[in-house]
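See structure below.
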Amino acid sequence: VVRLKSRSNTLKLLVIVVLIVLTCAYLLPIYVMITNSLKTLPEIQQRTYLAFPQQAQLKNYTDALFGSRDFLIPMAKPIVNSSIITGVVTLLACFFGGLGGYYLSRVKTTFTRVIFVLVGIALYLPYQAVIIPLTTITAKTGLINSHFGLILCYLIINMPLASVLMGTFFLSFPHELEESAEVDGASKIQIFFRIVVPVSLPAYASVAIIIFTQVWNEFFIALTLITPKTQTVQVAMAMTQGSTISPYNLQMAASLLTVGVPLLCFLFLGRYFIRGVLAGALKG
Amino acid sequence: VIGIKALRRQKTKRLRDSVLEFLVFTLPLVVFLVILYGTLAWNFYVSTANWVSTAPDYTFTGLKWYQYLFHQNRFWVDVQNNLKWLILGVLPTVVAAIFLAYLLELAPFPGIESYVRTLILYPVAMSFVVTGTIWSWLYQPEKGVFNTILASLGVQSPFTYTNDPATATYWLVLIFVWQYLGFAVIIIQSSFRTAELQEMVEAANVEGASKPRILFSVIIPNIRSGILVLVSLLLINSLKVFDIVWIVTRGGPGIATDVLATNMIVTAYDQRLASAGAAIGVIIFLIAFILVIPYTIYALRRWFD
């Protein structure tokens, strides 16, 4: 990195102003969310939103999880539903995406170019353009009544992303090892599973985190496809929103439960997270 | 003769191997792609049919539902709002990201970079449903956090945020910019850090070029591909915007913040006009398709060269 660092005073002032603005803008929402999720209802009604809670009300979280008189949409079941759906989609998308991405990164024929273009367009396909057929398919096949309906839809939609992300990582993976194995007579499939996969586990971790976050946070398809049995966490969260429906302290507790897993992933696996985001931007 | 036979056998074996390889590696991807493009074609077909109740009706009606949309006032409100999203969701984010990324390169404080990164990147992990929930509380005119803080400072707040039809969309876009800024900064930062660019910056620095000059005449012209990627991603995401609008305003007040994606859901699922909803889907897809063309060409070159 170039020594561009500057010691001029105007720059220092500018940096400090920007830092203060950013800190306020980005800490305020999460601070308000966490502190108010621990307050009692009378405290919320006093509207001292920036104050600390007098006593941390962990009961708010059990209320949000299992429901109470003030909070009619228990989040526990949706969290389980989302975990199942997201877990299965992440595993399958990474596995199949790894296979597809590897082929696209190693074999350069007209055919793979065509697939690549199709994948590239599918990557940013607006869900609105496929939602009516997807609802019809899942309803006709009865998949809508189980987790498989959403699992299928999310797989269809996330396969292109998983393939491109994995492929981006494989592109930057040195070919020499594979070439020498090929000379020894190993097939591409053997090479992939014995040589490439074991050293690509960090790449798989990055892609898994991205797909996981994407699917866990998805709202549009979950909202249109939903049946009460397989309601996801985002849809349940959306139903609690609005001051007329539930008090802010419980809304914030439910919010924290909803973002908990991806946020912890980000905080503890930030490195993989950032690498995944960059791979998604084709930066590798 | 034996030699030729052996050679032929070897050839067929190699062919069989490469077909097998092809199937193992790409079959799942190809199958899912076929389903995806199949549903896309199917949706187009629905948009030219006459599906107006819960039961599908595939009678061909041509462009009837597109005409229906074009005669709808709401459709044009949506188009205007989507345009606002495309411009205001992208331009300020990109400018702010370049400015911030450059400032981080210049800042003489140690540790500032990882602090800022964590600070502004965490919203990437959050869903728009949750962000929308928090921000609608921040924005709430009477009991909201912003106006309460302003009142405690003795300021009578003039803002009603998303309750004001004239400015509601801008307040929604602000949430989007807030959420994507960190993402934008790390993409710009990563395109700063190529060896060639670093050398050029070094040379300009030694020659005594001013800091703003280095930014505008050395860095920006040389990170065009990074900017292209970022602009494309932001354009697509602001075109697809649904969650923020749905959660915070439901398209209201009235239809002031309605966008194509929310109109699509209302038309297809509340009014049960599946064909008209499908037509909106096709329109959103066509806009998205045009927007990603430059990006796809860039990606194709980068991948295969």
Side-chain angles (χ1 to χ4, degrees), chain A residues 2 4-7 11 15 18 22-23 25-26 29 32-33 47 49 96 99-100 102-103 108 113 116-118 120-122 124 126 128-130 132-134 155-156 159 163 187-189 213 217 219-220 224 234 237-238 241 243 248 251 255 258-259 262-263 265-266 274 277-278 281-283, chain B residues 17 21 24-26 28-29 32-33 35-36 39-40 42-43 46 103 105-108 116 119-120 122 125-127 129-130 133-134 137 145 148 183 186-187 190 198 201-202 205 211 229 233 236 240 242-243 247 261 264 268-269 274 277-278 281-282 284-285 288 292 296 299-300 302-304:
Chain A
V2 183
L4 253 187
K5 303 294 178 207
S6 159
R7 308 216 148 264
L11 181 82
V15 170
V18 168
L22 282 182
T23 305
Y26 281 85
V32 166
M33 172 161 85
R47 295 171 57 187
Y49 299 136
F96 293 138
L99 287 170
Y102 182 71
Y103 198 82
K108 302 196 167 167
R113 272 168 218 259
F116 186 82
V117 171
L118 290 179
I121 296 165
Y124 301 108
Q128 288 82 19
V130 291
I132 290 174
L134 285 182
L155 259 186
I156 294 172
M159 268 304 286
S163 306
S187 75
K188 269 214 167 51
I189 300 165
T213 312
N217 288 345
F219 179 56
F220 182 78
T224 30
Q234 305 299 336
M237 184 65 229
Q241 192 262 331
S243 58
Y248 285 124
Q251 254 185 60
S255 296
T258 309
V259 293
L263 210 54
C265 275
F266 169 73
I274 290 175
V277 169
L278 287 178
L282 274 188
K283 284 279 162 192
Chain B
D17 278 357
E21 268 166 18
V24 168
F25 281 114
T26 61
L29 176 60
F32 284 119
L33 276 181
I35 302 178
L36 189 64
T39 54
L40 191 63
W42 183 352
N43 183 74
V46 171
L103 202 63
E105 297 285 304
L106 298 182
V116 170
L119 182 70
I120 64 176
Y122 82 84
M126 289 167 55
S127 68
V129 175
V130 169
T133 305
I134 302 169
W137 183 25
V145 176
T148 304
F183 170 81
I186 64 164
I187 289 181
S190 85
Q198 294 287 325
V201 170
E202 187 115 45
N205 201 28
K211 299 290 185 246
V229 169
L233 290 174
I236 286 298
K240 289 204 295 193
F242 168 80
D243 311 13
I247 295 293
M264 193 261 158
Y269 293 92
V282 171
I284 300 177
F285 169 73
V292 294
T296 310
L300 195 68
R302 200 181 151 87
W303 191 284
F304 286 100

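For clarity, every value in this text was computed on a predicted model and none was experimentally measured. Below, chains carry the letters A, B, ... as their sequence lines are ordered, and counting in each starts from 1.
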One should read off an interatomic distance between A:Ile274 CD1 and B:Phe183 CZ, to the nearest 0.5 angstrom, of 12.0 Å
Applying a strict 4.5 Å limit to non-hydrogen atoms, the region of B:Ile186 in contact with chain A is both
Non-hydrogen side-chain atoms of A:Val117 and B:Leu300 separated by less than 4.5 Å | yes
Closest non-hydrogen atoms of A:Ile132 and B:Gly277, given as atom of the first, atom of the second and distance, are CD1-C, 4.1 Å
The interface call for B:Met126 against chain A, heavy-atom contacts under 4.5 Å, is both
Residues A:Tyr124, B:Leu233; criterion side chain to side chain contact (heavy atoms under 4.5 Å, CB included); working and verdict: CA-CA 8 Å; A:Tyr124 301 108; B:Leu233 290 174; 3.0 Å; yes
So, the part of A:Phe220 with a heavy atom under 4.5 Å from chain B: the answer is both
Applying a strict 4.5 Å limit to non-hydrogen atoms, the region of B:Val116 in contact with chain A is side chain
When the 4.5 angstrom heavy-atom criterion is applied to A:Tyr49 and chain B, the contacting part is side chain
Most heavy-atom pairs under 4.5 Å with chain A, out of B:Ala278, B:Ala288, B:Ala261, belong to B:Ala261
Chain B shares the most heavy-atom pairs under 4.5 Å, among A:Tyr102, A:Phe96, A:Phe266, with A:Phe266
- Query: Do side-chain atoms of A:Asn217 reach the backbone of B:Ala125 as a donor and acceptor pair under 3.5 angstrom?
  - Reply: yes
When rounded to the nearest 0.5 Å, the distance separating CG of B:Leu103 from CG of A:Leu11 is 6.0 Å
Highest number of heavy-atom pairs under 4.5 Å with chain B among A:Pro29, A:Pro262, A:Ser255 belongs to A:Pro29
Correct closest heavy-atom pair for A:Pro126 and B:Lys240 would be CA-CD, 3.5 Å
Counting heavy-atom pairs under 4.5 angstrom with chain B, the leader among A:Leu155, A:Val259, A:Val130, A:Leu118 is A:Leu118
Ranked by heavy-atom pairs below 4.5 Å to chain A, first place among B:Leu36, B:Thr26, B:Ile35 goes to B:Leu36
Bottom line for B:Ile120: the part with an atom under 4.5 Å from chain A's heavy atoms is both
Whatever's closer than 4.5 Å to a heavy atom in chain B on A:Thr213 counts as side chain
_For B:Phe304 and A:Arg113: C-alpha separation, side-chain torsions, deciding distance, then whether side chain to side chain contact (heavy atoms under 4.5 Å, CB included) applies._
CA-CA 8 Å; B:Phe304 286 100; A:Arg113 272 168 218 259; 3.8 Å; yes
So, the part of A:Val15 with a heavy atom under 4.5 Å from chain B: the answer is both
Residues at least two apart in sequence or cross-chain that pass side-chain contact (heavy atoms from CB on, under 4.5 Å) with A:Ser163, listed by chain then number, are A:Met159, B:Leu29
The reported gap from OH in A:Tyr248 to CD1 in B:Ile134 (rounded to nearest 0.5 angstrom) is 12.5 Å
Most heavy-atom pairs under 4.5 Å with chain B, out of A:Ser187, A:Ala25, A:Cys265, belong to A:Ala25
inquiry  = Is it the case that the side chain of A:Tyr26 and the backbone of B:Tyr122 share a donor-acceptor pair, with hydrogens and angles ignored and the cut-off at 3.5 Å?
reply    = no
From the list B:Val282, B:Thr296, B:Leu33, B:Val292, the residue making the most non-hydrogen contacts under 4.5 Å with chain A is B:Leu33
Here the gap from B:Ile247 atom CD1 to A:Met237 atom CE, rounded to the nearest 0.5 Å, amounts to 8.0 Å
To the nearest 0.5 Å, atom CZ of A:Phe219 lies from atom CZ of B:Phe242 at 5.5 Å
Rounded to the nearest 0.5 Å, the CD1 atom of A:Ile121 sits from the CZ atom of B:Phe285 at a distance of 6.5 Å
